[in-house]
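Scroll down for the structure; my scribbles are underneath it.
Numbered from 1 within each chain, the chains take letters A, B, ... in sequence-line order.
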Amino acid sequence: MLSPYCDSPANSLVCKEWVIKMNEILNINGISKKYGDLVVLDNLSLKVKSGEVVVIVGPSGCGKSTLLRCINALEIIDDGEVALDGKAINPHDKNLSKVREKIGMVFQSYELFPHKTILQNLVLAPVRVKKMNRKEAEKEALHLLERVGLLSKKDNYPRQLSGGQKQRVAIVRALMMNPEILLMDEITAALDPEMVREVLEVVLDLAKEGRTMIIVTHELQFAKAAADRMVFIDGGRIIEEGEPKEFFENPKTERLKKFLHSFTYE
Amino acid sequence: MGFEVLLKGNNMIRLLGGLAAALKISLISVCISLIMGTVFGSLMNDRHPLIKKILRAYLEIVRIMPQLVLLFIAYFGTTKALGVNISAEAASIIVFSFWGSAEMADLVRGALSGISPAQYESSLALGLTYHQTLVYIIIPQIIRRMLPLSINLITRMIKTTSLIMMIGIVEVLKVGQQIIEANRKNYPNAAFGIYFTVFVLYFAVCWPISRLSRYLEKKWEA
Ligand SMILES: Nc1ncnc2c1ncn2[C@@H]1O[C@H](COP(=O)(O)OP(=O)(O)OP(=O)(O)O)[C@@H](O)[C@H]1O
Ligand SMILES: [Mg+2]
């Protein structure tokens, strides 16, 4: 769903405006999720427009990962509905994989396939799921690898890469399916500090080119730079949301104030 | 040195025939063990707590019992207790499969539990179906993890077939003893030559198999 202007950074502003004008592509409507007696998501609603970057923050255990996993039906919601392009996602649908194709996901632990080379990791889904021509898929993969500076690693195995390199490959793997929306769950949390930047820069790039993303992170500086909209979740509910500037400089709720404060040292 | 006796009559052919008898039993048992082991192993998880308990007990029993005891139970025991008469060959296949299936199940279980749930999830999230996930992501990883260990088990099974002469099967070691007995007068040194040949025969069978496993291990590690 990208505009034709979106391939060069010079056009990124035009591009962004073009895309944001489009309607929402993801509609999370009053979803709830329980594990036994523990309510993890509590009647939570969130809409994401095309081209928008939504960054979610919140204390550990507040349900951020669960929320992302409910979106592509890795977890089954107890109540409510998730709709992509106006169509409700049914976790029991035989064609669930067709919907998941359109929702890219990047995991904290990379989850590259250890028995396949980097190139094989990248072309597997396009070839097997999208029935893309292998040669074409490889061309696309090499192009994207070059973009993230990993062309030389194409024939290596995942275990031969550093954490930051693996995570960049994992992002490229998700991009290979050209998803409508990307979900990223604390993708730098397992990385050594010096590798965080190389990964976040790739994500910022994607944000600039108008990718629709939901990003869960503890990197507040990065959140500020990447987000079109910030969302603060606590206890399975959205407590506060808004533009990044307002959100960080003028938090309205006590809970967000306290949360943001917990990141500062005096 | 006692090797001359091999050239006498059809002694060498007889030895090879004994080897073939042993290999036939191990081959059949290995095939059964691979199939049953895969079935049992994929059931040995927390989704099937009762089956898991039963299979654990089964594995423990197999590990505690010497194979020879199992052979005697299967061959002599069944005749006495159940009144059925099974051939020595059938008894051996039963015992070796009973043993191999348990060990193989444990290998499959170990390989399966070593694959994190997130591997399934990252594959599903890419839009692969569950079936595709098994075929392209999970099973290749399981085979890679299991192959060296299962080959080790297979060579152990082949070697252990030397026990089946105890229930009257004329396998390679038994043939060797017969030859030594028959030639005690003319070739007093036959024992060394014959047993050495038996050693070479076992080596010739097991060595290529373990080389193969080493090769695959290396290749997949690259
Ligand atoms: N499979 C599960 N079974 C039971 N409880 C679970 C399960 N998965 C998550 N939970 C619980 O649900 C709550 C929310 O978990 P979740 O992983 O969504 O939190 P999070 O906001 O992502 O936290 P973190 O910042 O630590 O990653 C936690 O209390 C967690 O213990
Ligand atoms: Mg989490």
Of the non-hydrogen atoms in [X] and [Y], which two are nearest, and what is the gap between them?
| X | Y | answer |
| --- | --- | --- |
| B:Leu124 | A:Arg100 | O-CD, 3.3 Å |
| A:Ser97 | B:Gly127 | CB-O, 3.2 Å |
| B:Leu126 | A:Met177 | O-CE, 3.4 Å |

Side-chain contact test, heavy atoms from C-beta onward, threshold under 4.5 Å: evaluate it for [X] versus [Y] and give yes or no.
| X | Y | answer |
| --- | --- | --- |
| B:Gln132 | A:Val129 | yes |
| A:Glu111 | B:Ser116 | yes |
| B:Ser122 | A:Met105 | no |
| B:Leu128 | A:Leu124 | yes |

Please state whether the side chain, the backbone, both or neither of [X] comes within less than 4.5 Å of a heavy atom of chain B.
| X | answer |
| --- | --- |
| A:Ile103 | backbone |
| A:Phe107 | side chain |
| A:Arg69 | side chain |
| A:Leu112 | backbone |
| A:Lys116 | side chain |

Heavy atoms from other residues, nucleotides or ligands near [atom1] of [X] exceed 12 (cutoff 6.0 Å):
| X | atom1 | answer |
| --- | --- | --- |
| B:Asn10 | CG | yes |
| A:Glu146 | CD | no |
| A:Met132 | CE | yes |
| B:Phe196 | CZ | no |
| B:Arg214 | CZ | no |
| A:Tyr35 | OH | yes |
| A:Lys34 | NZ | no |

Practice item. Determine, stepwise, if the pair A:Phe113 / B:Ser123 fulfils side chain to side chain contact (heavy atoms under 4.5 Å, CB included). Key: CA-CA 9 Å; A:Phe113 306 129; B:Ser123 170; 4.0 Å; yes
Practice item. Can you spot which of A:His115, A:Gln120, A:Arg128 makes a side chain to side chain donor-acceptor pair (under 3.5 Å) with B:Tyr136? Key: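 So the option named by the test is A:Arg128.
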Check your understanding: Which one of A:Lys102, A:Lys94, A:Glu101 has the most heavy-atom pairs closer than 4.5 Å to chain B?
Key ->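 Option with the top pair count is A:Glu101.
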